[in-house]
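What follows is a single structure, written as C-alpha cells, with notes after it.
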Amino acid sequence: MKVTLPNNSVLEMEPGSTILDCVKKIGPGLAKSALAAIYNGKELDLSRTLTEDGSLRVLTHQNPESLELVRHSTAHLMAMAVSELFPGTLLTIGPVIENGFYYDFDSTHKFSPEDFPAIEEKMKELAKKDFPVERSEMARGDAIAYYKDPSHREPYKVEMMEEWTDEKVSFYKQGPFSDLCRGPHVPATGKLQHFKLLSVAGAYWRGDEKRPMLQRIYATAFLNKEDLEKHLFQLEEAKKRDHRKVGKELDYFHLEEGSPGMVFWHARGWRLYTKLMEYIRVKLARRGYQEVRTPEVVEKNLFVKSGHVANYADLMFFTESENREFVIKPMNCPCHVEIFKQGIKSFRDLPIRLAEFGKCHRNELAGVMHGLMRVRGFTQDDAHIFCTVDQIADEVADFCRLLQEVYADFGFNEIIVKLADRPPKRVGGDEVWTTAEAALKEACQRAGMSYELNPGEGAFYGPKLEFTLKDSLGRHWQCGTIQVDFNTAGRLSAEYVASDGSKIAPVMLHRAVFGSLERFIGILIENFAGDLPLWINPQQIRILPVSEKFLDAAAELNQKLLDAGFFSEVDVRNDKIGFKIREGEREKVPYLVILGDKELQSGKISLRKRKTGDLGAFSLDEAMEKFKLEISSRGA
RNA sequence: GCCCAAAUAGCUCAGCGGUAGAGCACUUCCUUGGUAAGGAAGAGGUCCCGGGUUCGAGUCCCGGUUUGGGCUCCA
C-alpha cells in the first residue's frame with residue numbers, strides 16, 4: 001500500500017498496518033508527539049488500520065486542527081473523572097464549543113465550582129496514568145442492549161442511538177471508562193494537560209424545556225500552557241470590562257427592581273446616547289433618509305392588521321383607555337407604513353427611506369434580560385426603505401457601505417455577514433425570493449463583504465443579512481441587520497402607482513446599523529473597557545484646582561471649555577492634587593487640567609492624559625486645538 | 001418561561017438563631033497643597049417583600065420580586 005506524505009515522499013506499507021505504524025516509520029519522535037492524523041482528508045485515530053492508498057498528514061500539538069481533538073478528548077477525561085468521583089452519574093453528550101467544551105451530566109449530586117478542584121485533580125491523575133484510548137465498534141442494536149442493561153444503564157445514550165441509522169457505532173475506552181463516540185481521539189490520556197473547569201449551569205436534554213434538566217460543566221482545554229493562560233486572562237479581562245459594572249462605576253445608568261429591563265439613563269450615559277444619535281443622524285441625512293417620529297402607544301388594531309398580535313403577542317405590552325385597546329409598540333414598521341400611506345405615492349417617489357430612533361418595548365421572558373444587552377425597553381436606529389424589487393440591490397449595497405463606514409469609525413473592522421435565505425414556511429412566490437436573495441448576494445459583493453449562508457433562517461416575509469462585529473477581546477456581537485419584507489406593506493394596504501398605472505405594494509427593507517442604542521453602548525463600554533475615545537466620551541476634561549484659592553480661575557476656564565462645546569467639569573473638592581488625579585484616573589476622565597499658581601503666572605494650563613501622564617504646559621488655544629484634532633480623527 | 005444561586009449603609013462586601021459591622025464615599029472641622037490615597041470627628045440600615053417556625057429570625061422554612069450563571073429566545 002502506498003502512503004504519500006506532505007513532502008511528496010511515498011512510504012510502502014504492509015496491508016493491515018495502522019496509521020501509527022506509518023508514523024513510526026517516519027520517525028520515532030513524531031510517533032511520540034502524534035495526536036491523530038488526516039488520511040485522505042479524514043481525521044482519524046492513530047490506531048486505525050489503513051485500507052487504501054492515500055495521503056497522510058500527522059497532527060501534533062503544533063497543528064491548530066488538533067485543538068478540537070484535544071478538547072473533545074479532554075471532555076471524555078472530564079466525564080471519566082466525574083464518573084469515578086460521583087458513581088451513578090449518567091452520561092449524555094460532551095461537544096466542543098467555540099472556546100472549549102462542555103459535558104452534560106444527569107446526577108443526583110449537585111455540582112458546584114467547589115467540586116472543580118477535586119475533578120481537576122482527578123483528571124490530572126487519570127491523565128498521568130496515560131491510559132491508551134482505544135476505539136472499538138459494535139452493532140448498533142448490541143450497543144443499545146448493552147446500555148439498557150441495568151449494570152451499565154445509560155438511557156440518554158440509548159435514546160440517541162435509537163434515532164441513528166448507522167449499522168455500527170463506535171466506542172472509545174480509556175482504562176475502565178468507555179463512552180459512545182464518533183471520535184477521533186488522542187492516542188492516550190497523557191496527551192491531555194492544559195485544561196480548566198470554568199462553570200456549571202443547567203441545560204435541558206436536547207435543549208427542550210419539557211425534557212430533564214441536566215447539569216452542564218463548562219471547561220476549556222488548549223494545546224499549550226501559554227494559550228490556556230492567555231484565554232483565562234481574557235476571561236478575567238472580560239469580567240473586568242462588564243458593562244454593568246463599568247456603567248455603574250462611570251455613573252452612566254442604572255436598572256431597578258420596579259422596572260425590570262428598562263434603563264434609567266444618568267446624565268453621562270445619556271450624553272453618550274445622544275452623541276451616538278447625532279452621529280448617525282448626520283450619516284442618514286446625507287444618504288437621503290428622512291427622520292420621522294411615531295407614537296409609542298398605538299391602537300391595537302394596527303398591530304392586528306400587521307399580523308404582530310397573531311404572531312408576537314407574547315412579547316407585547318398591552319394597555320387600554322376609554323374602552324379602547326392599545327399596544328406599546330414592539331417595533332416601528334407598522335407606524336412607518338402609516339406615514340408612507342399619507343398621500344398618493346408614485347413609483348417616481350421610490351425609494352422612500354423613513355428613519356426613526358424608535359423606542360420599542362418587548363415583554364421579554366424574565367430570564368433573558370442582561371444589562372444593556374437585552375432589555376425590555378430599547379431604541380433602535382431603525383429605518384424602513386420602501387422600494388421596488390429592482391431597487392433592492394442598490395439599497396442593500398448602500399446600506400452595507402454605511403454599516404462598514406460606521407463600524408470602522410468605532411474601530412470595528414472585522415464584520416461577519418450571514419445571509420439567511422428562504423425558510424420552509426414563507427409568503428411570496430419563489431421568483432420574488434430568488435430575486436431578493438440574489439440582490440442581497442450582489443449587494444454584499446458590491447460592498448466587498450463576504451458572507452456565510454444561513455440556510456432556511458430567513459424571516460417568513462423575506463431573506464435577511466445579519467452583521468456581527470468582533471470586539472477587542474475577539475467576542476462576537478450581532479448588531480446590524482437588513483431584512484427584505486414582501487409582506488407587511490401589502491397587509492397594511494400600502495401601495496404606489498406603477499408606471500403602467502397599476503397599484504403595487506412596495507417592498508420594505510427593515511434595517512438598523514447599531515441594532516439598539518442600548519446594546520451598542522454596552523458593546524462600546526466592553527470593547528473600550530470604559531475608556532471611550534474622546535469623540536464619544538461623555539467626560540472629556542476635568543479641571544483640578546491645586547487648592548481652593550484657584551476655584552474661581554477653574555470656573556472661568558471651565559466656562560471657556562463649555563462654550564467651545566467640550567464636556568468639562570471642575571473637581572471642587574477640598575482635597576490634595578494627588579488625590580484628585582487619582583480619582584480622575586479611576587473615573588476614566590480622558591484629560592485632566594491642573595490649575596495652580598504656576599499656570600496663573602504663565603497663562604498656560606497643564607494637561608494630563610489618562611494612562612499617559614503629564615503632557616506639560618499648553619496655551620488654552622493649543623489645548624483646544626489638540627482636543628479638536630483628536631475628536632475629528634475619532635482617535636481612541 | 002425553566003434549572004441553580006444571590007439580595008445587608010450611596011458603593012464593595014463581612015456577619016449565618018441572642019443589642020446590625022468594615023473599607024470607600026458622604027457631612028463638619030483642621031489642613032491650602034504641584035501629577036495616583038493628608039488628618040480628626042460625625043451622620044447614615046424596614047438586613048428585597050409577604051407569611052411561617054422559635055422565648056427570640058439578616059440568619060432556619062415556604063411563597064413572591066429582582067439580579068446573576070445557564071437553557072430557550074432575541075435588537
Side-chain angles (χ1 to χ4, degrees), chain A residues 102 104 110-114 198-218 239 242 244-245 248-249 251 254-261 312 314-315 330-332 358-382 466-468 477-481 483 510-523 544-551 573-587 592-599 606-617:
Chain A
Y102 64 79
D104 283 349
K110 252 178 52 189
F111 293 107
S112 83
E114 283 162 29
L198 296 174
S199 60
V200 58
Y204 302 109
W205 170 235
R206 312 204 130 173
D208 182 344
E209 60 181 272
K210 291 180 187 70
R211 307 300 304 270
M213 175 67 69
L214 306 170
Q215 298 187 68
R216 173 170 300 178
I217 298 181
Y218 284 94
K239 220 182 267 178
D242 190 315
R244 294 164 297 188
K245 183 171 169 279
K248 183 181 250 178
E249 283 164 3
D251 195 20
H254 84 271
L255 298 156
E256 59 184 65
E257 198 172 330
S259 318
Y312 216 74
D314 285 352
L315 282 175
M331 39 185 62
N332 308 300
K359 185 156 193 189
C360 297
H361 289 83
R362 296 184 191 170
N363 198 5
E364 298 285 353
L365 290 177
V368 306
M369 256 88 77
H370 180 88
L372 296 177
M373 302 301 193
R374 192 77 183 273
V375 289
R376 281 187 176 151
F378 58 98
T379 299
Q380 297 175 311
D381 63 318
D382 202 6
E466 283 184 333
F467 303 89
T468 300
W477 302 100
Q478 205 240 293
C479 297
T481 177
Q483 311 186 355
H510 307 250
R511 39 109 297 161
V513 180
F514 291 146
S516 87
L517 273 303
E518 283 76 7
R519 176 181 289 179
F520 199 74
I521 288 174
I523 294 166
L544 313 183
V546 171
S547 82
E548 285 180 337
K549 284 190 293 204
F550 307 104
L551 280 177
R573 290 175 295 186
N574 176 11
D575 276 300
K576 288 171 104 164
I577 192 72
F579 176 82
K580 292 183 187 179
I581 287 169
R582 189 185 133 82
E583 287 293 293
E585 289 281 340
R586 203 179 55 75
E587 291 173 36
L592 300 176
V593 174
I594 283 86
L595 195 64
D597 248 334
K598 212 163 77 188
E599 287 71 22
S606 294
L607 273 188
R608 191 181 204 284
K609 189 174 166 71
R610 173 165 156 74
K611 286 180 163 171
T612 306
D614 194 357
L615 297 181

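Within every chain, numbering begins at 1; the chains are lettered A, B, ... in the order of the sequence lines, protein sequences first and strands thereafter.
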Check: Looking only at heavy atoms, which two atoms of A:G596 and A:F550 are closest? And how far apart?
Finding: C-CE2, 3.6 Å

Next item on the list: Could you give me the CA-CA distance, side-chain angles and deciding distance for A:D597 and A:V546, then say whether side-chain contact (heavy atoms from CB on, under 4.5 Å) is met?
Entry: CA-CA 8 Å; A:D597 248 334; A:V546 171; over 6 Å; no

Note to self: Between B:C30 and B:G69, how far apart are the two C1' atoms, rounded to whole Å?
What the structure shows: 49 Å

Check: In whole Å, what separates the P atom of B:C55 from that of B:G70?
Finding: 44 Å

Item checked: Donor-acceptor contact below 3.5 Å, side chain A:R362 vs main chain A:P330 -> yes

Notebook entry, point to check: What parts of residues 512-520 of chain A reach RNA chain B, counting only heavy atoms under 4.0 Å away?
Noted result: A:G515, A:S516, A:R519

Next item on the list: Could you measure between the two P atoms, the one in B:G64 and the one in B:C2, and give it in whole Å?
Entry: 9 Å

Note to self: Taking only the C1' atom of each, what is the distance from B:U27 to B:C60 in whole angstrom?
What the structure shows: 40 Å

Next item on the list: Test A:R374 against A:E518 for side-chain contact (heavy atoms from CB on, under 4.5 Å), laying out the working first.
Entry: CA-CA 8 Å; A:R374 192 77 183 273; A:E518 283 76 7; over 6 Å; no

Next item on the list: Mind checking A:Q478 for me? I need base, sugar-phosphate or nothing, with any heavy atom below 4.0 Å counting as a touch.
Entry: sugar-phosphate

Notebook entry, point to check: So what does A:G261 touch, heavy atoms closer than 4.0 Å: a base, only the sugar-phosphate, or nothing?
Noted result: sugar-phosphate

Check: Within the structure shown, what part of the strands sits under 4.0 Å from A:G367 by heavy-atom distance: base, sugar-phosphate, or nothing?
Finding: base

Item checked: Donor-acceptor under 3.5 Å (A:K245 side chain, A:K239 main chain) -> no

Notebook entry, point to check: Now, which nucleotide makes the Watson-Crick or G-U wobble pair with B:G42, with each of the two distances under 3.5 Å?
Noted result: B:C26

Item checked: Base-pairing assignment for B:A14 (Watson-Crick or G-U wobble, both under 3.5 Å) -> none

Next item on the list: For A:K580, report the nucleic acid contact type (base, sugar-phosphate, nothing); a contact means any heavy atom under 4.0 Å.
Entry: nothing

Check: Using the P atom in both, what is the distance from B:G52 to B:U59, to the nearest Å?
Finding: 14 Å

Item checked: Any-strand Watson-Crick or G-U partner of B:A57, both distances under 3.5 Å -> none

Item checked: Expected output: side-chain A:D104 to main-chain A:L214 donor-acceptor under 3.5 Å -> no

Next item on the list: Indicate, with a heavy-atom threshold strictly under 4.0 Å, whether A:I577 touches base, sugar-phosphate, or nothing.
Entry: sugar-phosphate

Notebook entry, point to check: NA contact type, A:R244, heavy-atom cut-off 4.0 Å: base, sugar-phosphate, or nothing?
Noted result: sugar-phosphate

Next item on the list: Indicate, with a heavy-atom threshold strictly under 4.0 Å, whether A:R608 touches base, sugar-phosphate, or nothing.
Entry: base

Checklist line | Range on RNA chain B touched by chain A, heavy atoms, distance below 4.0 Å | finding: B:G1 to B:A75

Note to self: Please check: side-chain N/O of A:D381 versus main-chain N/O of A:S516, any donor-acceptor pairing under 3.5 Å?
What the structure shows: no

Notebook entry, point to check: Does B:A6 have a Watson-Crick or wobble mate here (both distances under 3.5 Å), and if so which one?
Noted result: B:U66

Checklist line | Heavy-atom check, side chain of A:E583 versus side chain of A:R586, under 4.5 Å | finding: yes

Item checked: Residue met sooner reading RNA chain B from 5', once A:P545 and A:P260 are mapped to nucleotides -> A:P545

Note to self: Taking any heavy-atom pair under 4.0 Å as a contact, classify A:T481: base, sugar-phosphate, or nothing.
What the structure shows: nothing

Next item on the list: Please state the C1' separation for the pair B:G50 and B:U65 - nearest whole angstrom.
Entry: 11 Å

Notebook entry, point to check: Using the C1' atom in both, what is the distance from B:G38 to B:C49, to the nearest Å?
Noted result: 44 Å

Margin query: How close do A:F467 and A:T481 get, counting heavy atoms only, and between which atoms?
Written below: CD1-N, 3.8 Å

Notebook entry, point to check: With a non-hydrogen cut-off below 4.0 angstrom, is A:E587 in contact with a base, only sugar-phosphate, or nothing?
Noted result: nothing

Checklist line | Gap in Å between the two C1' atoms, one belonging to B:G18 and one to B:G39, rounded | finding: 38 Å

Check: Taking syn as any angle within 90 degrees of 0 and anti as the rest, which one fits B:G58?
Finding: syn

Checklist line | Student check: side-chain heavy atoms of A:L607 and A:V593 closer than 4.5 Å | finding: yes

Check: Contact class for A:F579 vs. all strands (heavy atom < 4.0 Å): base, sugar-phosphate, or nothing?
Finding: sugar-phosphate

Notebook entry, point to check: Backbone N or O of A:A366 within a donor-acceptor pair of the A:E364 side chain at under 3.5 Å?
Noted result: no

Check: Taking any strand in view, what nucleotide pairs with B:C47 in a Watson-Crick or G-U wobble way, both distances under 3.5 Å?
Finding: none

Notebook entry, point to check: Which part of the nucleic acid, if any, lies within contact of A:D382, taking any heavy atom under 4.0 Å across all strands shown: a base, the sugar-phosphate backbone alone, or nothing?
Noted result: nothing

Margin query: Need one value for A:G522: base, sugar-phosphate or nothing, where a base atom within 4.0 Å counts as base even if backbone is also close, heavy atoms only.
Written below: nothing

Note to self: Applying a 4.0 Å non-hydrogen cut-off, can you work out what A:M369 is touching in the nucleic acid: base, sugar-phosphate, or nothing?
What the structure shows: sugar-phosphate

Check: Is any NZ, NE, NH1 or NH2 atom of the basic residue among A:R582 and A:E585 found under 4.0 Å from an Asp or Glu carboxylate oxygen of the other?
Finding: no

Margin query: For A:S259 and A:S606, find the nucleotide of RNA chain B closest to each by heavy atoms; which residue's nucleotide sits nearer the 5' end?
Written below: A:S606

Check: What does A:N574 touch in the nucleic acid at a heavy-atom separation under 4.0 angstrom: a base, only the sugar-phosphate, or nothing?
Finding: base

